[in-house]
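This report concerns only the one structure given below.
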Amino acid sequence: MKILGIGNAIVDVICKVDDGFIEKNNLTKSTMKLFFDENEFKNLLTDLKVEKTVSGGSVANSIVGISQLGDKVGFIGKISDDEFGSNYEEGLKKENVEYFYSKKKEELPTGTCLILVTPDSERTMCTFLGTAGKINENDISSDVIRKSEIVFLEGYLWDEGEPKKAFDKAINSANKVAMSLSDLFCVDRHKPHFLNLVKNKLDITFANEQEIISLIEAKNFDEVIKFSKQLKKLIVITRGEKGAVSINGNEIIESDTRKNLKIVDLTGAGDLFAAGFLHGYVNKLSTKECLEKGTEMSSKVIQQIGARL
């Protein structure tokens, strides 16, 4: 198998809202808020019109993108034996993703992410992890990991306790490890742990400019370049309108964004960028071609609603 993703198995529920809804519910636009109270989360949903539901989760979105590009891929993520869990499993199977998890009835329901899309196409996410956040080392097969060229992890999944043990098991069994830093709040919450991973454990790190600047507490992007060069590992950074850059030792390669796009929804832009890049990487394309494939995939997904092509 080319790539195995391990991440939060979450059903995306996509709704269009106005800016007033974001303010009224004390949400911060363009970020992800975790909900720990199931009832509080359900209350948010009561007045909303659902545009569509999709089997989501950051790494799962990337894995589906890689599958659509023709690579053999798999995914591990924890779901419950409930309606959303069954929908989730079916959604992956339809996309030719091998799902290495046997669901059973859990105390918590399958995870859900409410994606609120405002008129400016920004997306604000409210996530109730449910059972997805309870993943543990027994849910992860070392054998499956060893048979994959690359294991792709998400920062969203990392948490103290059982998820951390699952993470460690995956990293220790892997041939190569890639990870996405996922979200600015995630980085700020787990900064010393993420910094240790980037410096010592990961072969490839995906981040956007804000995440990497926060991680190393840089004053500007030049400091990010300097830090990344010293690591001598592959760091891939998306920079919004400034395009993307990959840094590997002294090799710095840049790629421009696509112009004149009709942007509808930025959900999944980073996920699909990682999909394009990793597809190029496992198929031995040049770094420039990997960046361009990532840009092509993210350009496609932002011109539609949702994080799947």
Side-chain angles (χ1 to χ4, degrees), residues 7-61 77-89 91 103-136 139 154-164 166 180-191 193 211 214 265-268 270-271 305-307:
N8 282 321
I10 292 181
V11 176
D12 287 341
V13 179
I14 301 163
C15 306
K16 287 181 177 172
V17 298
D18 57 19
D19 287 330
F21 184 90
I22 303 291
E23 285 162 28
K24 187 179 88 179
N25 289 286
N26 297 318
L27 301 169
T28 306
K29 190 190 272 195
S30 308
T31 62
M32 193 271 288
K33 180 179 178 182
L34 272 178
F35 282 73
F36 298 98
D37 182 327
E38 193 178 352
N39 292 326
E40 187 190 356
F41 180 76
K42 280 181 176 167
N43 287 342
L44 264 186
L45 271 163
T46 46
D47 302 327
L48 294 173
K49 178 179 169 290
V50 175
E51 295 278 322
K52 66 177 178 181
T53 61
V54 188
S55 307
S58 176
V59 159
N61 293 336
K78 194 175 183 102
I79 55 174
S80 184
D81 189 0
D82 53 21
E83 189 186 350
F84 270 159
S86 298
N87 291 353
Y88 192 89
E89 199 170 0
K103 66 180 183 297
K104 51 193 174 296
K105 201 74 185 161
E106 303 286 351
E107 279 178 43
L108 288 167
T110 297
T112 314
C113 177
L114 181 57
I115 298 176
L116 305 168
V117 182
T118 36
D120 58 3
S121 305
E122 286 291 341
R123 52 33 166 173
T124 304
M125 296 183 286
C126 303
T127 303
F128 177 67
L129 283 175
T131 202
K134 300 293 179 190
I135 194 164
N136 62 59
D139 297 321
E154 61 183 81
Y156 284 136
L157 188 72
W158 201 100
D159 221 337
E160 286 289 3
E162 293 301 323
K164 181 187 181 299
S180 152
L181 296 187
S182 295
D183 180 273
L184 193 53
F185 279 4
C186 242
V187 171
D188 290 341
R189 206 164 53 240
H190 303 306
K191 197 170 284 185
H193 301 288
E211 290 158 4
S214 170
D265 172 18
L266 291 167
T267 310
D271 303 338
I305 293 272

I'd like to know if the side chain of [X] reaches the main chain of [Y], judged simply by a donor and an acceptor atom lying under 3.5 Å from each other, with no hydrogens or angles considered.
X      : Y      : result
Thr127 : Leu129 : no
Lys16  : Val117 : no
Thr46  : Asn43  : yes
Glu211 : Asp183 : yes
Asp18  : Phe21  : yes

Check: Considering only heavy atoms from C-beta outward, does the side chain of Thr31 approach that of Leu184 to under 4.5 Å?
Finding: no
Margin query: Any non-hydrogen side-chain atom of Pro109 less than 4.5 Å from a side-chain atom of Phe128?
Written below: yes
Enclosure of [X] [atom1] (heavy-atom neighbours >12, cutoff 6.0 Å):
X      : atom1 : answer
Glu107 : CD    : no
Lys191 : NZ    : yes
Glu51  : CD    : yes

To the nearest 0.5 Å, how far apart are [atom1] in [X] and [atom2] in [Y]?
X      : Y      : atom1 : atom2 : result
Met125 : Leu34  : CE    : CG    : 10.0 Å
His190 : Leu181 : NE2   : CG    : 11.5 Å
Asp82  : Tyr88  : CG    : OH    : 13.0 Å
Leu114 : Ile10  : CG    : CD1   : 12.0 Å
Leu157 : Asn8   : CG    : CG    : 5.0 Å
Leu27  : Leu44  : CG    : CG    : 6.5 Å

Item checked: Candidate pair Thr53 and Thr112, rule side chain to side chain contact (heavy atoms under 4.5 Å, CB included), full reasoning -> CA-CA 10 Å; Thr53 61; Thr112 314; over 6 Å; no
Which heavy atom in [X] sits nearest to a heavy atom in [Y], and how many Å separate them?
X      : Y      : result
Pro163 : Gly133 : CG-O, 3.4 Å
Ser86  : Lys103 : OG-CE, 3.7 Å
Gly7   : Glu154 : CA-OE1, 3.3 Å
Ile79  : Gly85  : CD1-O, 3.4 Å
Thr131 : Thr110 : CG2-CA, 4.3 Å
Ala9   : Ala132 : O-CB, 3.6 Å

Notebook entry, point to check: Considering residues at least two apart in sequence or located in another chain, which fulfil the ring pair (Phe, Tyr, Trp, His ring centres under 6.0 Å) criterion with Phe84?
Noted result: none
Next item on the list: Given side chain to side chain contact (heavy atoms under 4.5 Å, CB included), test Met32 with Tyr156 step by step and report yes or no.
Entry: CA-CA 10 Å; Met32 193 271 288; Tyr156 284 136; 3.3 Å; yes
Next item on the list: Please assess Asn136 against Lys78 for the test side chain to side chain contact (heavy atoms under 4.5 Å, CB included), listing each intermediate value before the final yes or no.
Entry: CA-CA 9 Å; Asn136 62 59; Lys78 194 175 183 102; 3.9 Å; yes
Check: Charged N to carboxylate O under 4.0 angstrom, Asp139 versus Lys134?
Finding: no
Next item on the list: Report the C-alpha separation of Lys29 and Asp19 in whole Å, then their side-chain angles, then the decisive distance to 0.1 Å, and conclude whether the side chain to side chain contact (heavy atoms under 4.5 Å, CB included) test is met.
Entry: CA-CA 9 Å; Lys29 190 190 272 195; Asp19 287 330; 3.0 Å; yes
Next item on the list: Test Ser30 against Glu122 for side chain to side chain donor-acceptor pair (under 3.5 Å), laying out the working first.
Entry: CA-CA 6 Å; Ser30 308; Glu122 286 291 341; 2.9 Å; yes
